[in-house]
Amino acid sequence: MKENQLLDALTREGVLINVSVRYWRAAKKLTAEDLGLDPESVKSRLISLGHKKLIPKEALQAFALIESRTHALVEANSFPFLNGLAHFLPNTKLEEVTRKLTELEQEFHEEKQRFIGRYAEMRQTAAKEWWTLAQKLVKTPEKLVAAISESFPCPERMEQSFGFTTQLFQITIPEGLGMNLVTVKDQINVIQARESAARQAADKINQGVEGFVAECVASMRAETAKLCEDMLASMRDGKTGVHQKTLNRLVKFIDEFKALNFVGDRQLEEELERVKREFLSQNAEEYRDSDHARQRLQDGLKNLADTAREMARQDNREIVERFGQLGVRRFHVDPVLDEPAACSESKVA
């Protein structure tokens, strides 16, 4: 396979996404002085004093929930790329994910404005609560309360502690870099060093991309097996045997797989379509009313789990190489009117 074909194919089939949610955590590291202890007697190698919460944690729960929903959205619709450098988001999921991220960002900013509007009041309330608590905790409550008070950011700077950013980008192979230096000798040495670093980085990225594509194939197959096992456990342990929600989980998974299958895993896709045709045209009530149909469903799910688990262990080099062919697809421009036929070749970005 040509060196950069896989990377070209990834560029064609999706983008990298990185979402950052920042908000004031209202926490400050405890010191020995806060607790009225002698700093010399507290050995950091053996004792960790932890952190103090400046305000009740429920005051920040809305931000924690938005952060959790944001990361869950990205993780459910993408694949970790190069050890978590970013997540690869297939084109088929781009519109849905970015739209939902925009909604979450708006929700985040609205909550931020509410929080900042209440900040002065929360700060005063926290100071009173800490004073009451400090009198019970330490011999010199004034020092602890003063340290708490100093830990609160100024209201004017609070805005800087919040941020919701979404970055979409694509990774490219670095090329040799030049640099204008005073002497030709220095210039040659630096350029050679940079070109060597660029080659090493390119090799590392190419190896990482190949491993990433292979891991995407294996992970989707493993998730299929796990879902089937979870469904079988639900049917075995549930009071009603087969519940419609259980069947709907598989229907949703098959639809999600089609959107996430940017690699083109036709083998698993065919297996899922077969299961959908054979088992998901009946509803839960029909399965509950027929022992034969219910046993047939359980056998089908077990077979799919076994097949998917075995597929996950297989060498999927053929799928990776087939996906890489997307990076070298060419197209031709048809002749225009009576002009001589012209041919244009271009990589599909």
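Nearest approach of Gln244 to Ala284, heavy atoms of both residues: OE1-N, 2.8 Å. Heavy atoms only, all atoms of each residue included: Asn283 and Leu247 are closest at C-CD1, 3.9 Å. Minimum interatomic distance between Ala225 and Ala308 (heavy atoms only, all atoms of both residues): N-CB, 3.9 Å. The shortest heavy-atom contact between His243 and Arg288 is CA-NH1, 4.2 Å. The two residues Phe257 and Asp265 have their closest heavy-atom pair at CZ-O, 4.0 Å. Across all non-hydrogen atoms, the minimal contact from Arg123 to Cys154 is NH1-CA, 4.5 Å.
Residues Leu65 and Leu73 are members of separate hydrophobic clusters, defined by side-chain heavy-atom contacts under 4.5 angstrom among Ile, Leu, Val, Met, Phe, Trp and Tyr.
The structure places CD1 of Ile66 at 9.5 Å from OH of Tyr23, a figure rounded to the nearest 0.5 Å. Separating the OG atom in Ser20 from the CD atom in Gln167 is a distance of 8.0 Å, to the nearest 0.5 Å. Expressed to the nearest 0.5 Å, how far CD of Glu273 lies from CG of Leu268 amounts to 10.5 Å. Distance OG/Ser78 to NZ/Lys93: 10.0 Å, rounded to 0.5 Å. How far CG of Leu272 is from CG of Leu250: 7.0 Å, rounded to the nearest 0.5 Å.
Looking at heavy atoms from C-beta onward, Glu67 lies out of side-chain contact with Phe108 at the 4.5 angstrom threshold. For the pair Thr92/Leu260, no side-chain contact is recorded, criterion being any heavy-atom separation below 4.5 Å from C-beta on. Annotation: side chain of Val19 is not in contact with side chain of Thr165 (no heavy-atom distance under 4.5 Å). The closest side-chain heavy-atom distance from Thr98 to Leu168 is below 4.5 Å. Taking 4.5 Å as the limit, some side-chain heavy atom of Asn316 sits within range of a side-chain heavy atom of Ile319. Considering only heavy atoms from C-beta on, Arg249 stays 4.5 Å or farther from Lys245 through its side chain. Residues Leu89 and Phe79 fail the side-chain proximity criterion, which asks for heavy atoms closer than 4.5 Å. A 4.5 Å side-chain heavy-atom check between Glu129 and Pro56 finds at least one atom pair inside the cut-off.
In the displayed structure, Glu95 atom CD is contacted under 6.0 Å by more than 12 heavy atoms of other residues, nucleotides or ligands. For Arg118, the CZ atom counts as densely surrounded, since its 6.0 Å shell holds more than 12 non-hydrogen atoms of other residues, nucleotides or ligands. Around CD of Glu285, the count of heavy atoms belonging to other residues, nucleotides or ligands within 6.0 Å does not exceed 12. Residue-environment remark: CD (Glu318) stays at or below the threshold of 12 foreign heavy atoms within 6.0 Å. Few gaps surround CZ on Arg99; more than 12 heavy atoms of other groups in view lie less than 6.0 Å from it.
When only modelled atom types and interatomic distance are considered, Asp291 and Gln295 share no side-chain donor-acceptor pair under 3.5 Å. Residues Asn261 and Glu269 have side chains that bring a donor and an acceptor to within less than 3.5 angstrom of each other. For the residue pair Glu310/Gln314, the side-chain donor-acceptor check at 3.5 Å is not satisfied.
A donor-acceptor pair under 3.5 Å is absent between the side-chain atoms of Thr246 and the main chain of Val242, judged by distance alone.
Between Glu111 and Arg114 there is a salt bridge, since at least one side-chain N of the basic residue sits less than 4.0 Å from a carboxylate O of the acidic one. Looking at Lys252 and Glu256, no side-chain N of the basic residue comes within less than 4.0 Å of a carboxylate O on the acidic one, giving no salt bridge. A salt bridge between Glu229 and Lys226 is absent, with no side-chain N of the basic residue lying under 4.0 Å from a carboxylate O of the acidic one. A salt bridge links Arg309 with Asp306: at least one charged nitrogen is closer than 4.0 Å to a carboxylate oxygen.
Under a cutoff of 6.0 Å and an axis angle of 45°, Arg277 and Phe279 do not form a cation-pi pair.
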Would Met235 and Leu297 count as a side chain to side chain contact (heavy atoms under 4.5 Å, CB included) if you check the C-alpha gap in whole Å, the side-chain angles of each, and the deciding distance to 0.1 Å? CA-CA 10 Å; Met235 286 187 280; Leu297 171 64; 3.8 Å; yes
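Note: Phe81 and Phe88 have tilted aromatic rings, judged against thresholds of 30 and 60 degrees for the angle between ring planes. Ring orientation note: the planes of Phe162 and Phe63 are tilted relative to one another, at an angle of 30° to 60°. By the 30° and 60° cut-offs, the orientation of the rings of Tyr119 relative to Phe152 is tilted.
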